[in-house]
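For this chain, numbers begin at 1 and follow the sequence in order. In each ligand, atom 1 is the first atom listed, and ligand 1 is the first ligand listed. Both backbone and side-chain heavy atoms feed into the values below; hydrogens, waters and symmetry mates do not. Computed from a predicted structure; not experimentally measured.
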Amino acid sequence: MNSASIPFLDLVTPHQQLKDELVKVFEQALETAGFIGGPMLASFEQEFGRFCGTRNCVGVGSGTDAVRFALIAAGVNPGDVVVTVPNTFIATTEAISQAGAIPDFVDVDERTYNLDPEQLQKYLQVQCSVDGTTGRVYQRRLGKPVTAVVPVHLYGQPVDMDRIKDIADRFGLLVVEDACQAHGAEYYSRKEKAWKRAGSMGKVAAFSFYPGKNLGACGEGGAVTTDDDEIARKVRMLRDHGQSRKYYHDIEGYNGRLDAIQAGILRAKLQHLAEWNERRRQAADRYWQLFGSADGAEFPPYEPEWCKPVYHLYVIRVPERDRLLKSLAELKIGTGIHYPIPLHLQKAYGGVGYKPGDFPTTEKAASEILSLPMFPELTAEQQARVVGTVLELVAKCRGQKTPAVASHSE
Ligand SMILES: *Cc1c(COP(=O)(O)O)cnc(C)c1O
């Protein structure tokens, strides 16, 4: 038992369990040759929109498409500055650039690793100025208008949206949620005195159905959710070559559709999403207890009382991370780092002029964060071994007495 490997993620079991249902989707598509569009797509859009609590949901080809189409449809123009965090997957900033805009960064909160409202406010006050005649906010270094902010609900934990929306309102910015890791995550709006789902709080939001996400396709997929009918209409055009009807191209668009087979598969899996998320939350509670009962209260992630995260990732923080990583791999315990190199220090953004030290909270986190195994089927025994091993390795690194847990040789 102790030497069995513990995967970081198990994508096989849920698909085996749903095999008959998923095969049926494929058979249905073969019978009708309805591969693009059609009733499976329409039903999934309706059901996922309902799940998120939005009037509209538009299936697209990927999460990257979803962020890009959401930005364009909401009215971000080429040359605009769009603000996000350096601690996210590069798809967030790729989508901003592909919309013709310029990504710019503000640092994250030290405990949630999400967009820090204080930093956003400081950025807008210190690095930007308001044009006296238009009232628009200009980024002084870039000489361009700031028109949108993209909060990323990273690891499945909602951003403090009340505060972000307050600031965005004051400075006239659009709010476009990157909910690609947060299907079903909930946020308690103190302002509206109501629980809201990720994807229903900004002007528009983007989801990814990449296989490893909490709701994943058997391939690529994404969706845009919004209460704004006009934005939804534009996204429908953008995903399909700018057509308002067949061969009437009102604008130039993209090939960015969600195919019918993936939509059918997502529909079948959506039935289980709430339960899978609940099991992830239970696994997070067990991790919390295991770490808490040991002398390591510093390890578990911080969960503000105003949110119910869905633990797409379970991220702990350890200064000895790099030494730990190697030993855990040798012991066949799957881990990950999300993300090891902050975006502003990536080669892709080398010409932009950022340097180490520009976003200290993100940079420090990047050297210490460690994602532990997290998936709905994770067992209590597996978690006990993960935590026991982590605590043992950390104690060893710190030259402390090793707690009585699974032994191994280094
Ligand atoms: C996965 C992800 C994306 C991109 O989704 P794809 O479907 O892979 O294009 C965007 N943003 C974040 C935060 C993600 O985790």
Test item, Thr92 contacting ligand 1 (heavy atom, 4.0 angstrom) =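 Right, Thr92 reaches ligand 1.
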
Specify whether [X] and [Y] have parallel, tilted or perpendicular ring planes, treating 30° as the upper limit for parallel and 60° as the lower limit for perpendicular.
X	Y	result
Tyr314	Tyr311	tilted
Phe8	His338	parallel
Phe69	Tyr254	tilted

Between Val150 and Glu177, does a side-chain contact (heavy atoms from CB on, under 4.5 Å) hold up when you go through it step by step?
-> CA-CA 5 Å; Val150 181; Glu177 298 173 72; over 6 Å; no

Would you say the side-chain atoms of Asp10 pair up with the backbone N or O of Thr13, donor to acceptor, closer than 3.5 Å?
->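 Yes, Asp10 side chain to Thr13 backbone: donor-acceptor pair under 3.5 Å.
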
Check each atom of ligand 1 against the heavy atoms of [X] and keep those under 4.0 Å away; list them by number with element.
X	value
Cys180	2 (C), 3 (C), 10 (C), 11 (N), 12 (C), 14 (C)
Ser62	7 (O), 9 (O)
Val152	13 (C)
Thr88	13 (C)

Given Asp160, which of Arg190, Lys165, Lys191 fulfils the salt bridge (Lys or Arg N to Asp or Glu O under 4.0 Å) condition?
->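 Exactly one pass, corresponding to Arg190.
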
Please write down residue, atom name and distance for the protein heavy atom closest to [atom].
atom	result
atom 9 (O) of ligand 1	Thr64 OG1, 2.5 Å
atom 1 (C) of ligand 1	Lys213 NZ, 1.5 Å
atom 11 (N) of ligand 1	Asp178 OD2, 2.8 Å
atom 4 (C) of ligand 1	Ala91 CB, 3.5 Å

Compare every heavy atom of Val83 with every heavy atom of Phe105, then report the nearest pair and how far apart it is.
->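 Heavy-atom minimum between the residues: C-CG1, 4.5 Å.
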
